[in-house]
Structures are given as structure tokens and as C-alpha cells.
Amino acid sequence: MNGMPDPLVYSPEVERRFEAPPRQGELFGAPTDRLAGSAGDTRLGARVSFEARVRSGRVVECRFRAYGCPHVIAAASWVAEHAEGRAVGEPDWPDAHELARRLEAPAHKLGSLLVVEDAYRAMVADTGGRPGQ
Amino acid sequence: MNGMPDPLVYSPEVERRFEAPPRQGELFGAPTDRLAGSAGDTRLGARVSFEARVRSGRVVECRFRAYGCPHVIAAASWVAEHAEGRAVGEPDWPDAHELARRLEAPAHKLGSLLVVEDAYRAMVADTGGRPGQ
Amino acid sequence: MQYMNNPATPVYLDYAATTPVDERVAERMAECLCRAGCYANPASSSHEPGRRARGLVEAARQDVAALIGAGPTEIVWTSGATESDNLALKGAARFHADRGRHIVTSRTEHKAVLDTCRQLEREGFRVTYVLPGSGGVVGAEQIEPALTDDTVLVSVMHVNNETGVANDVEAIGQLCRDRALLFHVDAAQGAGKLPVSVDAFGADLVSLSGHKVYGPKGIGALYVRGSPRTRVEPLIHGGGHEWGMRSGTLATHQIVGMGEAFRLAGAHLAEEQARLRRLRERLWSGISGLGGVHLNGCPVRRAPGILNVSFEGVEGESLLYALRDLAVSSGSACTSASREASYVLRALGRDDQLAQSSIRFSLGRYTTEADVDFCIRTVREQVDRLRAIASSGTGAGSREAM
Amino acid sequence: MQYMNNPATPVYLDYAATTPVDERVAERMAECLCRAGCYANPASSSHEPGRRARGLVEAARQDVAALIGAGPTEIVWTSGATESDNLALKGAARFHADRGRHIVTSRTEHKAVLDTCRQLEREGFRVTYVLPGSGGVVGAEQIEPALTDDTVLVSVMHVNNETGVANDVEAIGQLCRDRALLFHVDAAQGAGKLPVSVDAFGADLVSLSGHKVYGPKGIGALYVRGSPRTRVEPLIHGGGHEWGMRSGTLATHQIVGMGEAFRLAGAHLAEEQARLRRLRERLWSGISGLGGVHLNGCPVRRAPGILNVSFEGVEGESLLYALRDLAVSSGSACTSASREASYVLRALGRDDQLAQSSIRFSLGRYTTEADVDFCIRTVREQVDRLRAIASSGTGAGSREAM
Ligand SMILES: Cc1ncc(COP(=O)(O)O)c(C=O)c1O
Ligand SMILES: Cc1ncc(COP(=O)(O)O)c(C=O)c1O
């Protein structure tokens, strides 16, 4: 056990987002301009969903829901917040490695942060249930 | 180690005789009426000597010297003291088992107390260096 | 997380991991440490200070023996229940290796037993790890089918450290006596909390720990039946202390502390058992009101102070962090350095999510009603909050459908 | 035995058996026991009280490491030097059994080493027990001839607990390095008394004890070289604490106490060494004036506080009893429960009588000049008295010839 990183110690960024996560929740309104996507599995410890309202190819509003450790919650919150204003299809964004760096997450959390990345990409790829669009 | 008798705890009789042993020392005067005898070996942990002045077949005065544990010193002192007034050749006296009982000595001390008994018997058998007497 | 009249945080609810030393115990310990006290080596029989220390050691041996219905010559001091478990299992197995090489134990034992069994497997012993019965209780029905002609030793714990479930050691003991098998009981969590009787248990070897009963850490004992004398090969050689079963300088202050702790535990056992049971029931009814919570382990056969609960819809690490105003643990303290789902709860049939989101609340001598009420408020608030982050609203996924 | 201005009796001169805990150490320990203190389980990483306890454990690890020139990750907590010796020898021998099955040690080792070697012999290892050289010193000249192609491990103590003799561990360490052999040093009596450096010793494994250095009994450590990593098979399994080498709940107060004790010992090593050496020399010149007394062990290579003397013409048990105003021991405290002549002194060539009538005076932190002077008076008076009982007058047998 000696020398192991302490599992319940988090960076200030994670602490803040865990305590009161910005962009937590869901969007209301017409489903036409809304993208949604999710990834993960609660049995494996992480499941994340994103919703975004998009106008002119840019994210206007983004919300997340997350089942997972504090890093997952904080990462989903960070992604939802920083998605706003971005082009929907921005390549290489978000990036789990970049999230890990920003949140000072230990290496073994990368798998969970990939769930956050995957969920956002699933949202971007969302056809809104309207095949062919 | 548990349950062993405490090796440095002695009966009041032993304590008293160890602290200021009655009859410790030697006799002075003419060797004619004096018996002397010894037994034991310092390398084995006990060596005892007795001297007695004898008159009309009775011990008038008796002295001891002892190298040994407190039980040996106390036993030699007890024997020297109680020899006085006794017939020199009294059968079965002293007796190591009786000494052990009086001094509340543990069983493993019997060997040392036999040295005391032997020394006294050697004195009784003393020819005073005058062979044939 | 701010309430009026709250207790000082974090509120300690991890008594199964360890207990604070009782002030009365600490006082006795302090008398054996410094120059003015009884600091000599209890093995120094050549002088009075040493013999005095030895006297204290032997008096403490009596106190520990008394709590479990044993004789003082049946108590061997160790450095804790971990060592006791190792000494019992390795000691008995190695000593009797020519009689048989099969051991039966359960999957819900403490790591001190399981890891020791793994080591014995590497030495050529065969070990059967039985699943517990319903409610996580191990009884004779679980053990009996596993016995073979080659079985020499059965090891089943009294109270499980994660769930608080009390196994049916009496029935297993009877079974072992009928089959002339050695029976070891790890009673680290049971002693001082529930009545322990080596004869009622039919146990030949019983592991005890000081620090689960308001005594010091780093001291324990192994009960070794005196008649018929149970034989164990020592783990630690050197000088032949403790009838040759455990060498090493006896730590007077630690032993005196464990003795006093066991004496106090015995004196207040019944009333404390009732008090803790009431507090635990209050806690459970407060928490279970949340919905989507599951009690782990049999609700009836259990130690009074331990409550292990799984929460639907919340992830374990986040839950533990959210509850940081409570000093609680997820899974066994001894293994909580790694955050994998508890093997004990999995053996009880919990799925991965529920096993991973379990919290052990363990109450003890200093737990008050106010502590319990604070705990209930904190748990309700935080579980609600995390469930809201995981799904929309408070009902899991209810808004989705709107 | 009544003198004016005498110190309170018995005067404690058995610091090699154990030391009182320093008040500053006891204070630190007390802070880790009760409700107001740092009592949580250092393995409870799920809450802040547990992490705080862990912090104290790690700080103490640094303090112990610092005294012997090691790194903190090279320190494994144990229950004392007896366990450390067992872990070092059994652990290394069993781990490397396929490399070789021969061990070299000396006849003057502590029972914790000798009894462990006997156990390893029962497991099929071969052990050579070399005699010390002159003055009881073990050096490379004694060890080298015993080495074979099958040798894997050499174990030689730093300071002998009975005589205070300091072996030439540096030379033995160099020899072991040249031959790529593992080298274990039992430094229970040396650490905190003489400088100890794992690198200067060339040691791979070093045993330490808390209670020989004004720390608590029941805690010790094993230094395990980190680079190249020395591998040992654990003795005690269960949970994988201490890098898997020693499982069991870490006893915070014990560890903190040992850390503080080692820190204090390091801070005052040089001055205390000089002070104790002066007192020991005063004691020796006072006692040797009696005549017929023999210093056991080399007068030069020795720990400052230990003086072992054999007396001609007096029997050992009577001597010890006569000196009961002094808390001293005959032979090692750990074996003094049985009154046989010391195997250490016999290995030094003393005859049975002198080996049996030896007294170990061991001085320490609280020993004063007045204590030493009282000791001298008492010894002179009692030895004179016992010699008088054994022979006539004071000169052995002189009156006989009159
Ligand atoms: C059931 C059980 N057995 C053994 C142990 C280990 O005891 P110790 O901490 O005294 O080594 C514990 C607790 O840690 C326990 O709960
Ligand atoms: C040289 C030596 N090794 C080992 C030990 C045993 O240490 P502990 O008492 O910590 O088990 C002692 C003292 O008892 C000792 O003097």
C-alpha cells in the first residue's frame, strides 16, 4: 500500500466541479436543434450523457449527466461548459488526455475519462433520431 | 517461560540465612577435637565445607563455608546451627529432602542440597588426617 | 453541508476499522512506559522491576481469557489479529501436515485468513473457500459438504468485518468436534461486541485484536485450547517466550492496555450491545427512507454496531467523497487502499454496481444519537444530489421521458 | 546495605534489556490513542482521520530511516527486532532457496537469530555458527573460511547484547559484497548507541527495535535494501501492507513513538556516547579494584553503555540476589528466565564458573554518577561478603593455612 497516490484527494478544479457542477442537468425545448449522446455503463463505474443546443454549427448550450467518480463528474462538467461557443465538429476535442492533465487525474482514471470523450463524440455524431441527416 | 517458578524469590528462612548466615566461618583451636569435611565443586555451582568441635560424641560447635546459590548457603547454615548438641553419627541426618522442605526450595535445587548433606557426612567420616582413628 | 448544532466533523463512524483507545485504557498504558512507571522487561526475572512487569502481563492475560471463557495459560500474545490468524492457520496446518493437507474456510473471511490460505496453497495444502449461505451467513450446511478425509482444519470468522454478519460458529464448532477437526475462529470483530465463549464455539484457536475493542493497535492474542492441547508451529522464533509459541519481548503497556480494554468490554457488553443496536436501527430507518438502498447481510444475525448499505444509482468513489463529513469506509478498512468492489459483497451475490457503491457505517462507544442523525441527513442530501447529477431530476431517468 | 544519600532502589542498570520510554516519546504516543487524538486506522484512506494517521506513520518512517542512512521506502514496520530477525532470515532464505541453502552466522548472536537458524535447519538449510575471534569480536576472518559455493546469507549482529562488543560488520559487509552474498545485521543493540550506516555496513537487511532506544516495546523495523531491491518472503500475510512484506494494522502510536525515539537518539548520539563511556569506565575502575574480576569482551570495540563482568569465587545466583538493590541481569535479559551459564560467554572461552558468575551492567540515558557510585559500593560489599561465606576471611582460603 505504501507510496500509492491517495485515492480520495482531488485537485481544486475537481473539488469545485464536484461540489456544484456547472452545466449539470438537461435542456428543454424543441428537439430539432438538440443533439444528445451518451457512453459508458454503470456496471463498469462510469456512464455519461451530453445534450447540446446547436445553432449555425456552434454549440449554444450544453448540459451533462454523469454517473461516475469525481473525475468523471468534473470532466463532464468541464466539457459541457467549454463546449459552448465551439464548432460542433471541432476535431480532437475533447481529448481524454487533455482532460486528465487539466484535472490532475491519476493515470488509472484515463479509462473513465475516455467515457466522457466518447459520450461527447456520440452527441456530436447524433442524428437526432432523424436518419440520413 | 510462562508458569515457571520465579528463580529469585526465596522463603523468609532462606532470605534471613542468606543475609547474615548463622555459623558462617571456621573454628579455631586445637585440631584434636575438630572434624572437617567438604563436598561439591565450584565448577558445578556448589561447594560446601563443615567443621565441628566434638566432645563426648556430640557436636559442641559447628561452622560452615559455602559457595553456592542462596538455598545452599541457607541449608549449610541451618545444618551447622542444628548440628550443635546432636550426636555426631546420628543416622539419616541431615537429609537433603528435609532441607528442601524446610527451605521451600524448588525441586531442581535438590542436587545442590545433596552437596550440603554430603559435606556434612564427609565431616562426620573425617579421620582428622589421623588414619586408623 | 452546513447544519445547526452539528457534531464536529468528520463524525467517526468507522469503529470496525479501528476504535479510539478508551481513556481508562490509555491511563493504564501510560503507567507502563516512562521512568516512573513499570517499564522493565517482563522477561527480566532477575530483578524486582522485571517481575512487577511480568505480574501486569499475567493479570492482563487473565482479563483477556475471562472475556472468552478461556484459561490464562491458553492465551498467547501476538502483534494483532493478523498475526494471530497467520499463527493459527500456518501454525496448525504445518504442525499437522502429516495428518492431512486440506483446509476449509469461507470466501468472506478477512484477508489475514485468505492471504494466509493462499500461502498455504503455495506450500502444497489444498483449500476450499465455501460461499456463504443466505444473508451472507456461513453455517454448518456450507462447511460440511466441503469436508474430506484429508481435512485437518476449518477456519470461519465470528463476525464479518464488512457486513457485521455473525456466522453460525457454534454449529460449525459442533461439526468439527464430531469430525475431530481443528476449528479456528477469527473473533477480531466479535469479541467485546457479542458474547464469545471458546467452549460454546467449540473452537481450538481464536484470534483476537486489541484495537477493535478500545485497546491499542499492534497487540492481539491467539487463544490456543489447553485441553486437549492444540499444537501450533511458531511463526516467530527466538527465546521461547509464550510457551515457545511466540518469541519476542512482551510489550507491557500494549498487553496491559488490551487487558483493561477487554475487561471494560466485558463489564458493559450487554448494555452497550442494546444501545448500539438501537442506534443502528435508527440509522437504517433514516437511510432506507431514501429508497433504492439495500442492506448487505442478514438483518438478524449480526453484530450490533455495523451497518453495510448499497446505494442504487450512485458511484462508490463519488459517494465516499461526498460523505467526507463522515469517517466511513467502503469495504474493509484493511483493503480500502484499493478501490475495487468488495469481494465480500460479491460473495453475497451483489452485482458490481451495488457492491461498488456500498458504505460501511460502524458505530461504537462514543457514537451519539446526534451523530446518527447528522449521518442520516448527510447521506440523504448527498445521495439525492449524486443521483440528480447521474440522471435528470431526482427520480432515476424520469425527466428523460418528458 | 544502607548508605546515606543513596539513589532510590533498585537502581536500574539493565538498559540493554529494555529502556524506559522517554517522556517526549510518550507524549507523542499519547497523541495517537484516544478520541481527541490521531486514532484512526492508517489504512483508512477513505477519510481524513485515516490519512492523517498515515501521514504520522510516514513521518516516523523517515525518522527511523534517517538514523541508519536509509531511505523511507526501505523501512518495513514489524513488532520488534525478534520479528525483524525472523523476517530477515526466514524471508531471505526461503525466497532464495533455489540459489543456495547455506547460511553463516556466529555463536554469539541473539536467540532471535539462533533459534530462527535452528528452524531453517529443520527446513533443510545448512547453518554454520562460527566462533568469535579474540575479545569476542566477529570479523571477516571468522566468516570467510565458513563460506561455501552454496552460501546465500550471512547474519552477524552489530553490538552483542550480553557483552556490548561491537563486531566488525563493515569488514564482513565488504566480504559479502565481494561474494554477492546477502548480509543481515541485527542492530537492535547498536542503533542509537553507535553510528549505524547501512551503506558503511554493506548490509542488505538490518533489524531494529524501539524499546532499546527509549521507544516503546512491541515495535521494530526491518531495513530492506531498495537498490538492488532485496527480496524476502513475508512471514505474516493478509492485506499486503508494507509493500506486501508485512501485513497487519499499523500501530500509529507505536510507530510514532519509535520514530521520535530514533530522532532523539540521533540528535544526541555523540554526546551521550561520550557520557556513557565515561560512566562505564568509572564503574569498571571501581569494580575491578576488588580483584578477581574479569571484563568479558574486547575492551575497545564496544557499545558505550554495556559492561559485563565475571567474578571469581562467587556463585552467580547468590551474586544476583545479593545485588538486588541493582536491577542488573546475568546474561541476556531475553534468556535470563533460565539460569544456565551464558552461551555467549562460553563462546568467548570463559570457564563454567566465570560464565555463571557474570553480571551485565548496562547504563543509559538516566544513569547518573551517583547511580554508578552506589553500584560500585554495593558490588564491592556484596562480593566481599559472598567470598567470605565461601572461604574463610576475605582472601580465598587464606585462613585455612593458619
Ligand atoms: C475480522 C478481522 N480479522 C483480522 C483483522 C486484523 O486485525 P489486526 O488489525 O489486529 O491485525 C481485522 C481488522 O483489521 C478484522 O476485522
Ligand atoms: C541483539 C538483539 N536482537 C534482538 C532482540 C529482540 O528484540 P525485541 O525485544 O524488539 O523483539 C534483542 C533484545 O531483546 C537484542 O538485544
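Here is the naming used below: chain letters follow the sequence lines, and residue numbers restart at 1 for every chain.
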One pair to check against side-chain contact (heavy atoms from CB on, under 4.5 Å): C:Ser329 and D:Ser44. What are the steps and the verdict? CA-CA 7 Å; C:Ser329 86; D:Ser44 295; 5.7 Å; no
Begin with the C-alpha distance, continue with both residues' side-chain angles, and end with the deciding distance and a verdict on side-chain contact (heavy atoms from CB on, under 4.5 Å) for C:Leu250 and D:Lys217. CA-CA 7 Å; C:Leu250 293 172; D:Lys217 298 172 183 55; over 6 Å; no
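Note that NE2 of D:His253 is 4.0 Å distant from CE of C:Met29, once rounded to the nearest 0.5 Å. The structure places CD of D:Glu83 at 5.5 Å from OG of C:Ser79, a figure rounded to the nearest 0.5 Å. Annotation: the span from C:Ile219 atom CD1 to D:Thr249 atom OG1 amounts to 13.0 Å, rounded to 0.5 Å. Atom-to-atom distance recorded for D:Ile236:CD1 and C:Leu87:CG is 9.0 Å, nearest 0.5 angstrom.
Annotation: side chain of D:Tyr12 is in contact with side chain of C:His47 (closest heavy-atom distance under 4.5 Å). Side-chain contact between D:Pro20 and C:Leu33 is absent, with no heavy-atom pair separated by less than 4.5 Å.
Looking at D:Asn86, only its side chain comes within 4.5 Å of chain C, counting heavy atoms on both sides. Proximity to chain C (any heavy atom under 4.5 Å) is restricted, for D:Arg246, to the side chain, taken from C-beta onward. Heavy atoms closer than 4.5 Å to chain C are found in the backbone of D:Val328, but not in its side chain. D:Thr19 touches chain C through its backbone: at least one of N, CA, C or O sits under 4.5 Å from a heavy atom, while the side chain does not. Residue contact with chain C, scored on non-hydrogen atoms closer than 4.5 Å, involves the backbone and the side chain of D:Glu23 alike.
Scanning all heavy atoms of the two residues, the minimum distance from C:Lys111 to D:Gly239 falls at CB-N, 3.6 Å. For C:Thr18 against D:Asn41, the heavy-atom pair with the smallest separation is CG2-N, 3.2 Å.
The most heavy-atom pairs under 4.5 Å with chain C, out of D:Ile255, D:Leu235, D:Leu326, D:Leu89, come from D:Leu235. Interface check for chain D: of the options C:Ser247, C:Ala40, C:Gly80, C:Ala26, the most heavy-atom pairs under 4.5 Å are formed by C:Ala40. Top candidate by heavy-atom pairs under 4.5 Å with chain C, chosen from D:Ala251, D:Gly210, D:Cys34, is D:Cys34. With chain D as partner, the option from C:Gly218, C:Gly248, C:Gly257 having the largest number of non-hydrogen pairs under 4.5 angstrom is C:Gly248.
Under the rule for a salt bridge (Lys or Arg N to Asp or Glu O under 4.0 Å), the partners of C:Asp22 that lie at least two apart in sequence or sit in another chain are C:Arg24, C:Arg365.
At distances below 3.5 Å, not a single donor-acceptor pair connects side-chain atoms of D:Asp115 with backbone N or O atoms of C:His237.
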